[in-house]
Every structure is written in structure tokens, then in C-alpha cells.
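Working notes, structure below.
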Amino acid sequence: MDIKLLDAAPSNDERAAVDAVLGAPTSAWDGGARGTGDDSHVAFGGRAMREQRHRLVPALQALQARVGWISEGGLSYVCERLHVPPAEAWGVATFYALLATSPRPRRVVHVCDDVGCRSKGAKAVLSAMVGVSPAIAHEPSGDHVHLDADRAGWMHSPCLGLCDQAPAALVTEAGAVPTERLLGHVTPESARALLDGAAPGDDATAVTLLPQRGDPSLVLLKRVGVVDPTSLSAYRAAGGYEALTKAIAMGPEAVIREVTASKLVGRGGAAFPTGRKWEAVRTQRATPHYLVCNADESEPGTFKDRVLLTGDPFAIVESMTIAAYATGCTKGFVYLRAEYPLAATRLQHAIDAARTAGLLGADILGGGFSFDIEIRRGAGAYICGEETALFESIEGKRGEPRSKPPFPVEVGVFGKPTVVNNVETLANVLPIVLHGGDAFAKTGTAGSTGTRLFCLSGAVAKPGVYELPFGASLRSLLAAAGASPRLRAVLLGGAAGTFLRADEIDLPLSLEGARAANTTLGSGVVMAFDDEEDLVDIVLRVAAFFRDESCGQCVPCRVGTVRQEEALHRLARGKSRGGASTEIALLEEVGVAMRDASICGLGQTAYAAVESAVKRLGLFGGGAA
Amino acid sequence: MTTLVRIERPVRAPKAQVALTIDGQSVTADEGTTILAACRSLGIEIPTLCFLETLRPVNVCRLCVVEVEGARVLAPSCSRAIEAGMVVRTKSPRVVLARRLVLEFLASSVDLSTTPGMAELLAEYGCQPERFGPPAPQALAGERDAAIAGHHAPPDPAFAATVAQPVKVDNDLYVRDYAKCVLCYKCVEACGPDHQNTFAIAVAGRGFNARISTELAVPLPDSACVYCGNCIAVCPTGALMASAEFEMRAAGTWDESAQTTTDTICPYCGVGCTLSLHVQDNTIVKATSPLENGITLGNLCIKGRFGWQFVQGPRRGASGGDGRG
């Protein structure tokens with residue numbers, strides 16, 4: 001490809017940051033010095049170069065981490081190195097919220113103002129920041145970008161996955177040694193101190209606050225907070241890698257048989273049978289097969305995968321290895337949301353330790369199969385949790401979902417058969433292999449087997465991740481977490497889930513129970529709101545979230561999420577056009593069109609919570625069922 | 001002695017036939033046929049905006065959605081392949097509602113005044129885009145290009161957000177009026193992998209701020225653009241328009257009903273592209289190439305598309321010369 005580059009050169013820092021990811025350039029064809037070799041007589045490029053496209057996002061992230069934004073010179077150098085047309089790279093860079101394409105301060109405090117943090121002090125934190133330092137982006141204060149790189153800036157952020165320690169903030173600081181910290185229980189004072197340059201302190205996820213810690217009934221969480229997550233020997237001493245050893249003795253078909261017998265279904269929200277997915281990939285003739293662990297947990301209110309990744313990272317590495325063995329995958333990706341820096345560190349440590357011990361790489365445990373794992377960090381895009389948008393992102397493109405069919409088991413990442421499983425789904429593989437699928441299926445209900453992780457937050461005394469067998473009642477879970485006696489509503493399943501009234505919490509937490517109650521368990525979010533909560537404000541935040549996170553590809557979602565938010569604001573401010581009932585009817589039509597005609601799950605569920613707020617909670621004068 | 005050997009063409013196995021039902025009619029078509037093509041073979045009209053025969057379907061406008069029995073959501077007919085036993089409904093209440101809302105979403109946020117056939121379509125589906133509120137004032141030049149992903153200002157309940165913005169006029173040959181852009185991706189495909197392989201433009205930004213852009217939104221002369229105008233040829237809304245047409249429309253002299261089209265062969269090189277000259281008042285006002293032309297697929301280069309002014313240049317013939325002035 002003959003590409004026209006930008007007329008700008010990178011700084012030495014930018015060049016070094018990109019070279020650290022891509023390696024030094026090998027010739028003048030990919031950004032090296034001219035006239036140093038024989039490269040004036042040959043052309044390098046073509047397919048080999050195009051196949052490097054998947055390194056675009058990591059290269060852009062390197063620029064972001066080094067200088068705090070992607071400058072014209074930096075972008076141009078990345079394009080030259082990877083032979084990506086600058087317009088395409090620009091399209092990718094401007095897609096992700098955590099990649100800045102205009103100058104940004106080196107330190108940015110991303111303050112979560114999403115549904116979980118809003119009522120837990122986030123608003124006070126934000127008010128404390130207004131005036132101290134200008135906001136970046138189009139924020140309610142109306143301020144715009146400021147250019148003093150040395151003066152910290154701040155931004156609003158969607159859910160950071162730290163709802164159990166709300167309010168949360170993510171501090172990013174660019175430099176030779178970049179800093180990323182996820183902080184909990186942020187106060188107006190600590191936030192101001194961060195803007196004044198105070199050290200951010202330890203990551204809030206370093207110690208996992210597990211309400212049920214040590215409970216003998218725990219299956220997925222049994223090692224979390226008990227076994228050192230940074231020690232392979234501690235993991236092995238606690239029974240780690242017994243499942244992989246057993247799986248290799250069983251053979252791939254038997255592993256899939258057990259997973260199928262367990263009736264395990266995906267825990268990311270769609271609840272697709274895992275065994276069927278694995279079997280479909282295993283029998284695909286196209287090679288290679290890829291395994292993707294979806295750790296882009298970004299559903300507002302969800303933090304269960306973060307707990308598994310920081311608290312028991314070796315378990316995810318081991319279960320991915322078993323999944324790869326069963327489905328014939330030689331390469332695995334963990335697509336990890338950007339907002340979990342410590343999870344990235346711990347998981348990378350686990351991968352490296354496993355590789356050193358011969359548990360990843362060639363001929364694992366002498367079983368004659370090879371497998372390795374690479375972590376890809378997200379860059380601030382909820383939509384990349386959608387499996388096909390995730391593939392696009394890994395491939396170095398904008399995270400725009402693909403049309404299905406074809407499904408990932410046939411055409412996945414890099415166009416190859418791909419198993420994509422959620423973190424929690426994979427964690428279930430270990431007990432299934434160790435104790436058998438039938439034993440696994442004895443827990444839970446007939447239609448929903450095993451245990452499920454729930455993310456409790458909001459008006460509860462003991463927030464955190466809870467593990468319960470499927471079928472337990474929502475009421476008992478809320479009681480265990482110490483829900484407010486003045487409970488008014490529960491958001492079940494996340495922003496893509498539904499609100500329930502306080503008198504609707506007797507439903508059993510199973511797939512069929514949720515379906516019968518016309519709701520969804522989604523990603524396991526259980527967010528409680530008491531009578532002090534401004535639920536209208538919460539619903540407006542949900543609507544803003546979907547508008548912000550829509551990829552913009554298809555019309556129903558791109559415009560529908562805007563029209564939905566506008567109508568809700570009119571209702572909230574008593575400025576409805578033609579009366580509240582007309583507006584509610586309008587919302588319904590907009591919502592149904594988004595649900596029916598959008599490409600992916602984002603648009604298809606963007607109306608779910610709003611609909612339940614109107615119809616179940618009776619907000620805006622809607623009829624409570 | 002030389003013997004001529006006849007080279008037989010490999011005989012392709014006939015494609016498997018797939019039987020399905022569309023709006024109650026049974027139909028059989030080749031495997032791999034799209035629902036849209038099968039519908040058109042039956043004479044069933046389905047509106048499209050982002051679909052074009054010469055481009056890979058991106059199925060983003062969702063105007064062509066149809067109901068497939070048993071499916072949870074509607075399917076884009078332009079890209080979904082037919083399957084045996086499929087039962088398709090193209091005018092069910094769900095389909096009609098989705099299409100009406102898609103049209104209202106577009107009409108309330110985008111200037112569709114130069115989209116051929118749009119007024120009829122809006123009327124056919126009974127669209128009332130004004131129910132979302134009066135259109136918001138247009139953005140400042142460059143404002144949408146600077147939008148930051150994942151952030152937006154709180155909505156003003158008095159207005160419906162739009163993509164209205166000033167026209168980008170940065171070269172002599174064509175203008176980019178993104179207030180008319182429905183983000184159908186056709187120009188990106190034509191500029192990039194489907195036709196031209198220039199990659200001067202891409203979709204940038206996210207959500208409602210997604211937009212077609214050069215790198216850093218630089219003016220076209222600073223971009224990789226080669227002014228082939230193949231993006232203009234595929235643009236369904238007139239957002240991309242040759243300057244000659246844009247200026248005539250601004251002056252109120254553009255009159256398609258008074259135009260005739262004459263096909264000829266481009267005089268510039270040996271490829272011999274078919275050129276359609278659009279003539280109004282005995283003056284060439286536009287050059288295109290037919291989409292269905294097997295050589296060009298509607299594409300031209302800068303010379304064929306824009307290099308016709310010499311025909312009617314003021315000096316030609318005036319001095320009895322040879323046209324070189």
C-alpha cells in the first residue's frame with residue numbers, strides 16, 4: 001500500500017515509546033534511517049506489513065502512556081511503522097475514550113460519576129474539582145481542553161468497576177514510567193490533593209474485600225483473599241493445575257463432554273451453552289483457532305471479573321489453557337478493560353510464571369500441545385465487551401460490532417474460528433474438570449447450573465462480590481449484603497438490565513427465574529437504591545451512558561440513544577412535548593426501534609433499564625405494573 | 001505445424017438452490033443470495049440507503065431490515081444470506097415501525113434535502129421527524145471534528161441534536177457538506193478497500209459524534225485524496241458534491257429535469273472508461289460513469305470526472321485555434 005504520511009516528526013520520547021512496543025525499525029521502509037542498507041533496491045510491505053495492523057492500538061497506547069496524548073508526529077510515526085493510512089489510524093485513535101487526540105495534561109483524574117458512584121459521594125468529588133482545575137472534554141461545567149501539561153486535569157468517567165468502594169477514580173499519569181491507579185473511597189479532599197500532584201497511593205484492588213471470604217461453600221471465589229495471587233507455588237499448593245493435569249489425561253473430547261454435561265452457560269450476559277460453543281470451534285477445519293477471554297467487564301455495576309483477575313489470576317490462566325486444549329487453540333488473548341491496571345499486572349505475572357514453569361508455551365505438561373496467552377488492554381470503550389467489537393479492537397480497528405451471522409465459532413478474530421468466553425465462565429471450567437459435569441450440574445437449578453457471582457453495590461452495608469448457587473432468592477442475597485430497610489429499587493443485570501421495585505425482589509436468581517419475571521441477570525449486577533436516591537437522575541445517567549458508548553455505526557443506536565436521552569431530559573425537567581404520555585409513547589417507539597433494528601446488544605438493550613424505570617418504577621408518571 | 005488448442009472454460013457446478021418464503025410467496029434462489037436480492041427478484045420493494053451493488057454491504061443504515069421468523073431481532077436484508085425454509089416478512093408492523101423510526105432519526109438529525117427519493121419515502125412511512133423537537137443550531141466549524149469520544153454536553157431539552165455544521169470547501173473540485181451525511185460508510189469504502197485504495201478518509205469519533213474525516217481533519221489538499229471523486233459517485237445524500245453542481249444549486253440554476261445525459265468514452269487514456277456527460281442548457285454540468293458499467297463500476301479518475309471544462313472553455317474556437325489556447 002502506498003500511503004501518504006503526515007508532515008510531522010515524532011519526538012525522541014515518542015519514537016522510543018513506539019519502538020519499545022514494535023521493536024526498532026528494520027529499514028527506511030518502516031521508519032528507519034534512509035540509506036543505511038540495501039533497502040533502496042527492494043520494497044518491503046505487502047501482506048507481511050498489513051498483518052502488523054493488530055499492533056496499532058498497543059502502539060497508540062504506548063504514545064498515550066509516554067506523553068499523555070497522541071500527537072501528529074507520534075501518529076505519523078506509528079503509521080509509518082505499521083503502514084497504516086493516517087486517516088485510518090486517526091479513526092481508531094478518536095474511537096477510544098482513553099486515547100487523547102488533542103493535548104492533555106500528563107496526569108488526568110478520571111472520576112466515576114456512573115450509577116454506582118453517583119449517590120456515594122461522586123457528585124461532591126466532582127464539585128470539589130470544578131474550579132480547581134479545568135475539566136477536559138465537553139463537561140457540564142462547559143470548560144474545554146486546557147494546555148498546561150504539568151497541571152493535572154480531570155474528566156468524568158463511566159463505571160470504573162469499583163462500585164464496592166465507591167466513589168472511584170482512575171488516575172493516569174504519562175511519563176517514562178507511567179502510573180495507573182484505580183482508587184476507591186475518593187473524597188473531595190483526596191481528589192483535590194490528586195490535582196495538586198499528591199502521590200495516588202496504592203491501588204484499591206490490591207486487597208480484595210470479599211464479604212464471604214473463607215466461606216467453605218465458595219467454589220469460584222475459594223482462593224480469593226486466601227491464596228497469594230502472585231505465587232504460582234501457593235496456587236499449586238491450593239490445588240492449582242490439578243484440573244489441567246486431569247484434562248490432559250482425559251483428552252479434548254472428554255473435556256468438552258464434561259463441560260456439555262455441566263450445562264454451563266456463558267456468564268457475560270448472553271447465557272450461551274459453553275459446551276456447544278467449544279464443540280463448534282473444535283470441529284472447525286480452518287486454522288488456527290483462537291481463544292479469547294473477554295475481560296472487558298464494563299457493564300455499569302459489574303466488578304466480579306476484576307475480583308477473579310486480581311484475586312486468583314492463575315485460575316484464569318489455567319482454565320484458558322484447558323479451554324485451548326479442548327478446542328484446539330494455539331493462541332489466546334485476554335481482552336482486559338483499561339481501567340483495571342492491577343489486574344493487568346497480576347495476570348501478566350501469572351502468565352509469565354506459568355510460562356517459566358512450562359505451563360504455557362510448547363508441549364504443556366508433556367501433553368503435546370502448545371498454547372500461549374497475550375493480554376490486550378482496552379482503551380476506554382464499553383462496546384468492546386461485545387465479542388465481535390472486541391475482535392475488531394484486537395485487530396487494530398475501531399470497535400464496531402460485526403453483523404452476525406457468521407458467528408465467532410466460524411469467523412472470529414482474524415477471520416478464524418474463535419472461542420470467546422467471559423472470565424467467570426472460564427473460572428467454572430476448573431471445578432467441572434475436577435469433579436465432572438454431572439456433579440457440577442447438581443448445584444443450582446435444573447435450568448441454571450452451578451454458582452453465580454453477583455456484584456452487590458449501592459444501598460447495602462456490605463458491598464462486594466457474592467457467590468451463590470443459582471436459584472437463591474434476590475431477597476436473601478440483599479439481606480446477606482445488608483440492604484437498606486428503606487429499599488426502593490434494584491438495578492438487576494446492569495445498565496443493560498432492568499430496575500425492579502422493592503416488592504419484586506422475591507424472584508429466584510436463575511436464568512429461568514429472571515426470564516419469568518421479565519428481567520435478566522445480565523452480568524450479575526445487583527445495585528440497590530433506597531428512598532434517598534434520586535432515581536430520575538440515575539435513569540438520566542444510564543441514558544447518557546448509552547449515548548456515550550454507542551459506537552455510532554448503525555442509525556437506530558447512534559441517533560436513538562440521543563433521542564432517548566433528550567426525551568428523558570424533557571420529562572425530567574417538566575418540558576415534555578405534548579404531555580408526559582406522548583413523551584412516554586415516543587420513548588417506547590424509539591426503544592423498540594433500537595431493540596429491533598440495532599446491529600448489536602448495546603442498541604438492543606439501551607432501552608431496557610429506561611423501560612423498566614417507566615413501567616415498573618412508575619417514573620415520569622409511567623404506569624407501574 | 002501449429003495447432004490451435006481450444007481451452008475449455010472450467011465448468012462451474014451450479015449453485016445449490018435454496019427455497020424460502022417471502023411475504024407468503026415461495027421463492028427459490030441461488031445459495032448465497034441476499035434476502036434483498038431475493039425480494040427484488042419478486043418485485044418486492046425494500047428501501048436502502050447504505051447499500052450499493054458495487055460495494056461490500058456494511059448494513060449500518062438499517063433501513064432494509066426485514067423480519068425473519070424465529071429471529072429475536074430484525075435482519076438487514078442487504079447482507080443476510082437466504083437460508084432454506086426461511087420465512088421472511090418485509091412489511092410486518094415491526095418492520096414498518098423500525099423503518100419509520102430510522103427515517104425519523106435521520107430526518108431529524110441530518111439534512112436530507114438533496115437525497116433522491118427521500119421525500120417520497122418519508123411520506124410513505126408517515127414520518128414526523130419534527131416530533132423530536134426543533135433542530136438544534138448548527139455546530140461551529142471544526143466543533144464536531146474536535147469531539148472527544150465518550151463525552152457529550154448535557155442535552156438541551158428545547159432542541160433535537162443534529163449534525164448540522166458549515167460546508168467544508170477546501171479545494172476547487174468538490175465540497176463536503178457533512179450536515180447531509182448519514183454515515184453510510186460508502187465513501188470510506190470507495191476511497192479505501194472496495195475501489196480506490198487511497199484511504200484518504202475514514203470514520204472517526206464515536207456515537208453521535210462519529211464522522212467522516214481525514215487524519216486530524218486536515219483539509220483535503222493536505223490529505224491523501226487524489227480527487228478521483230469516486231466518493232461523490234457513491235454518496236446517497238449529496239453530502240459529497242462536485243463544486244460545479246454545488247455552485248449551481250447555490251445559485252438556483254441546477255435543474256435536473258432540464259438535463260440530458262450522453263454516454264461517451266473518456267478521451268484521456270487507453271482504458272476507455274465510459275463517461276456519462278450531464279448536460280444542461282448545452283453545457284456540461286457533471287461527468288459520471290454508469291454504476292453498471294463492467295469496466296468502471298461507476299468509478300473514474302480526476303481527469304474523467306473533473307477534466308471536462310476545456311470542452312466549453314471560453315477560448316475554444318474563439319481564435320479558430322486548436323483548442324490549446
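Side chains included, hydrogens not; waters and symmetry mates left out as well; all remaining heavy atoms used. Convention: sequence-line order gives letters A, B, ...; per-chain numbering from 1.
- At distances below 3.5 Å, not a single donor-acceptor pair connects side-chain atoms of A:S550 with backbone N or O atoms of B:G207.
- A donor-acceptor contact shorter than 3.5 Å is absent between the side chain of A:R570 and the backbone of B:A158.
- Of the inter-residue distances, the one linking B:H151 atom NE2 with A:M155 atom CE reads 3.5 Å to the nearest 0.5 angstrom.
- For B:P76, the part lying under 4.5 angstrom from a heavy atom of chain A is the side chain only.
- A:E400 touches chain B through its side chain: at least one heavy atom from C-beta onward sits under 4.5 Å away, while N, CA, C and O do not.
- Rounding to the nearest 0.5 Å gives a distance of 7.5 Å between OG of A:S598 and CZ of B:R62.
- A distance-only check finds a donor-acceptor pair linking the side chain of A:E566 to the backbone of B:A161 [under 3.5 Å].
- Both the backbone and the side chain of A:R558 come within contact range of chain B, each with at least one heavy atom under 4.5 Å from a heavy atom of that chain.
- Both the backbone and the side chain of B:S213 have a heavy atom closer than 4.5 Å to some heavy atom of chain A.
- Inspection of the A:D548 and B:H152 side chains reveals an N or O donor paired with an N or O acceptor under 3.5 Å.
- Of the atoms belonging to A:Q604, it is side-chain heavy atoms, and not backbone ones, that fall under 4.5 Å from chain B.
- Of the atoms belonging to A:P405, heavy atoms from both backbone and side chain fall under 4.5 Å from chain B.
- For chain A, the nearby part of B:I201 is the backbone; its heavy atoms alone come within less than 4.5 Å.
- Per-residue counts of heavy-atom pairs under 4.5 Å with chain B were compared for A:S403, A:A100, A:A593; the largest is that of A:S403.
- For a residue to count as touching a neighbouring chain, one of its non-hydrogen atoms must lie under 4.5 Å from one of that chain's; by this rule A:L571 does not touch chain B.
- Contact of A:K397 with chain B is not made at all, since no heavy-atom distance falls under 4.5 Å.
- Judged by a 6.0 Å distance limit and a 45° cone about the ring axis, A:R563 is positioned over the six-membered ring of B:F132.
- Residue A:A572 does not touch chain B at all, counting heavy-atom pairs closer than 4.5 Å.
- With a 4.5 angstrom heavy-atom cutoff, A:L568 does not touch chain B via any of its atoms.
- Close approach to chain A, defined as a heavy atom under 4.5 Å from one of its heavy atoms, is seen in B:D222, B:S223, B:A224 of residues 222-229 of chain B, taken by number.
- In terms of non-hydrogen atom pairs under 4.5 Å with chain B, the most contact-rich of A:M594, A:E589, A:E549 is A:E589.
- Looking at A:R402, there are no atoms closer than 4.5 Å to chain B (heavy atoms on both sides), in backbone or side chain.
- Not one N or O on the side chain of A:R547 forms a donor-acceptor pair closer than 3.5 Å with the backbone of B:G150.
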